[in-house]
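Chain letters run A, B, ... following the sequence lines, proteins first, then strands; residues in each count from 1.
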Number of protein chains: 2
Amino acid sequence: MSDDLRRNMALFPIGIVMKLTDLTARQIRYYEQNDLIQPARTEGKQRLFSFNDVDRLLEIKALIEKGLNIAGIKQVLQMQEPAMEQTEITTTSEEKRKDMSDKELHQLLRQQIMYRDATRHGEGALIRGELSRFFH
Amino acid sequence: MSDDLRRNMALFPIGIVMKLTDLTARQIRYYEQNDLIQPARTEGKQRLFSFNDVDRLLEIKALIEKGLNIAGIKQVLQMQEPAMEQTEITTTSEEKRKDMSDKELHQLLRQQIMYRDATRHGEGALIRGELSRFFH
DNA sequence: CTTTCTGTGTAATATTATCTAACATCTATT
DNA sequence: AATAGATGTTAGATAATATTACACAGAAAG
């Protein structure tokens with residue numbers, strides 16, 4: 001069983017995730033609705049979250065607290081998640097650009113730069129994988 | 001946050017534990033009823049299991065499959081759990097003896113010896129902490 | 001300074017998951 | 001055959017979650 005698979009096992013109901021992340025159910029569902037997370041579902045359609053999901057929610061929360069909006073968070077997440085090559089990142093960015101006005105894009109870039117500045121030094125580090133510190 | 005505390009955090013509802021251990025809800029509740037596990041409860045009285053609980057259930061399952069009964073499992077578990085000094089183990093054993101007929105005690109000892117023989121070599125090793133292999 | 005949009009709160013209702021308790025069943029022991 | 005231990009199964013109650021709709025405050029836009 002691969003390590004990656006373990007962290008992606010659907011384990012937690014939303015109630016536990018609420019306590020783990022200090023987010024409300026409303027927030028968690030809203031983030032899912034906006035494709036920031038894709039938790040698994042039970043046969044009866046109830047959400048089941050993995051370690052990775054909880055980690056991601058913790059990161060989303062940190063970004064929210066820094067003032068990013070959903071679009072900005074989406075960009076930041078997909079910018080670090082796939083760990084793909086530079087060419088692919090560029091391609092994705094170009095595609096995104098088609099659906100955005102210049103003003104929107106500039107705002108996003110400003111937000112992201114601020115985020116990177118904030119996290120480069122100080123309290124903002126070590127967001128991703130924070131849950132790893134709670135369990136082995 | 002101590003490592004021990006992390007493994008004792010109440011996280012999983014019984015449905016997840018069923019899948020994780022391949023035990024039925026009936027079995028899990030029965031083992032609780034017989035004091036083999038003490039899962040936490042939500043405010044609404046629903047069970048919440050920790051990593052340690054799941055580990056313990058996996059061990060209980062292995063012992064069940066070896067033919068041990070509840071009393072035998074209880075002995076084996078409390079024999080390795082507290083990790084206490086030799087004198088204390090003896091004391092506990094003596095106390096237990098008071099409530100048992102000789103025949104019962106002999107049967108238990110026979111079972112435990114068989115268990116130790118079975119686990120000393122072969123497939124029965126590494127029962128406790130098995131869950132650690134599924135998650136970090 | 002209104003208007004609009006975003007993110008979240010809240011309430012209502014429906015459905016799923018779990019709980020307890022009781023009785024049934026099967027196996028091994030007496 | 002009778003008994004006890006471990007589990008299956010069912011019924012009814014309660015808890016947890018899902019979805020949807022409406023409300024609302026603050027930010028953004030006009």
Side-chain angles (χ1 to χ4, degrees), chain A residues 10-49 53 57 60-75 100-108 110-111 114, chain B residues 10-49 53 57 60-75 100-108 110-111 114:
Chain A
L11 293 172
F12 311 109
I14 199 170
I16 295 294
V17 176
M18 289 172 63
K19 290 179 185 166
L20 250 31
T21 62
D22 202 47
L23 292 168
T24 66
R26 182 68 166 97
Q27 288 177 298
I28 296 170
R29 296 190 189 115
Y30 185 73
Y31 301 151
E32 179 193 25
Q33 193 176 334
N34 285 270
D35 302 312
L36 264 40
I37 49 171
Q38 294 89 31
R41 298 281 184 138
T42 67
E43 195 172 323
K45 305 302 178 190
Q46 297 198 189
R47 281 170 256 267
L48 282 185
F49 299 78
D53 289 328
L57 282 172
I60 290 170
K61 188 190 176 195
L63 293 173
I64 285 280
E65 287 167 354
K66 283 186 197 308
L68 289 243
N69 62 12
I70 302 295
I73 295 173
K74 200 176 300 186
Q75 290 279 314
M100 252 187 287
S101 74
D102 278 359
K103 202 176 291 183
E104 286 172 338
L105 181 59
H106 292 159
Q107 178 190 350
L108 274 179
R110 224 184 314 118
Q111 288 178 327
M114 285 172 57
Chain B
L11 293 172
F12 311 109
I14 200 171
I16 294 295
V17 176
M18 289 172 63
K19 291 179 186 167
L20 250 29
T21 62
D22 202 45
L23 292 167
T24 65
R26 182 66 164 97
Q27 287 177 297
I28 296 171
R29 296 191 189 114
Y30 184 72
Y31 301 151
E32 179 192 27
Q33 192 176 334
N34 286 271
D35 303 311
L36 264 40
I37 48 172
Q38 294 89 30
R41 298 281 183 141
T42 67
E43 195 173 325
K45 305 302 179 190
Q46 298 197 188
R47 289 169 185 82
L48 281 184
F49 299 79
D53 289 327
L57 282 171
I60 291 171
K61 189 191 175 193
L63 293 173
I64 286 280
E65 286 167 354
K66 284 186 197 307
L68 288 245
N69 62 13
I70 301 295
I73 295 174
K74 199 176 299 187
Q75 290 280 314
M100 252 187 288
S101 75
D102 277 0
K103 203 173 292 183
E104 286 172 338
L105 181 59
H106 292 158
Q107 179 189 350
L108 273 180
R110 224 185 313 118
Q111 287 176 330
M114 286 171 55

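Remark: P of dT4(C) and CG of Asn69(A) are 21 Å apart, rounded to the nearest angstrom. Atom CD of Glu65(A) and atom C1' of dT8(C) are 14 Å apart (whole Å). If you measure from atom CD1 of Ile28(B) to atom C1' of dT20(C), you get 16 Å, rounded to the nearest angstrom. Here the P atom of nucleotide dA6(D) and the CD1 atom of Ile64(B) are 7 Å apart, to the nearest Å. As rounded to whole Å, 15 Å separates atom P of dT25(C) from atom CZ of Arg26(B). Atom-to-atom, CD of Gln46(B) to P of dA13(D) comes out at 17 Å; the value is rounded to the nearest Å. Regarding Glu43(A), its CD atom lies at a distance of 7 Å from the P atom of dA17(C), rounded to whole Å. Computed from coordinates, the Ile73(B) CD1 to dG5(D) P distance equals 14 Å when rounded to whole Å.
Contact check, Tyr31(B) against dA6(D): no side-chain N or O comes under 4.0 Å of OP1 or OP2. One finds a side-chain N or O of Thr42(A) lying less than 4.0 angstrom from the OP1 or OP2 phosphate oxygen of dA17(C). Remark: Arg41(A) is in phosphate contact with dT19(D), judged by side-chain N or O atoms under 4.0 Å from OP1 or OP2. Between Tyr30(A) and dT8(C), a side-chain N or O to OP1/OP2 separation shorter than 4.0 Å is absent. Of the side-chain N and O atoms in Arg47(A), one or more sit less than 4.0 angstrom from OP1 or OP2 of dA18(D). Side-chain nitrogen and oxygen atoms of Arg29(A) include none within less than 4.0 Å of the OP1 or OP2 phosphate oxygen of dT19(D).
Checking Lys45(A) against Ile70(B), the closest nucleotide of DNA chain D that is more toward the 5' end is the one next to Ile70(B). Where Gly44(B) and Ala25(B) meet DNA chain D, the nucleotide closest to each residue was compared, and Ala25(B) sits on the side nearer the 5' end.
Taking all atoms of both residues into account, the shortest heavy-atom contact from Ile28(B) to Met18(B) is CD1-CG, 4.0 Å. The shortest non-hydrogen separation linking Asp22(A) to Lys61(A) is CB-NZ, 3.6 Å.
Side chains of Leu57(A) and Leu20(A) form no contact here, defined as non-hydrogen atoms less than 4.5 Å apart. Proximity of Leu68(A) to Gln75(A): side-chain heavy atoms (C-beta onward) are nowhere separated by under 4.5 Å.
Distances were taken from every side-chain heavy atom of Ile14(B) (C-beta onward) to each of dA6(D), dT18(C), dA18(D); the shortest belongs to dT18(C).
Residues Glu32(A) and Arg41(A) are paired through a salt bridge, judged by an N-O separation under 4.0 Å between the basic side chain and the carboxylate.
Counting non-hydrogen atoms under 4.0 angstrom, Gln27(B) reaches the backbone sugars and phosphates but no base.
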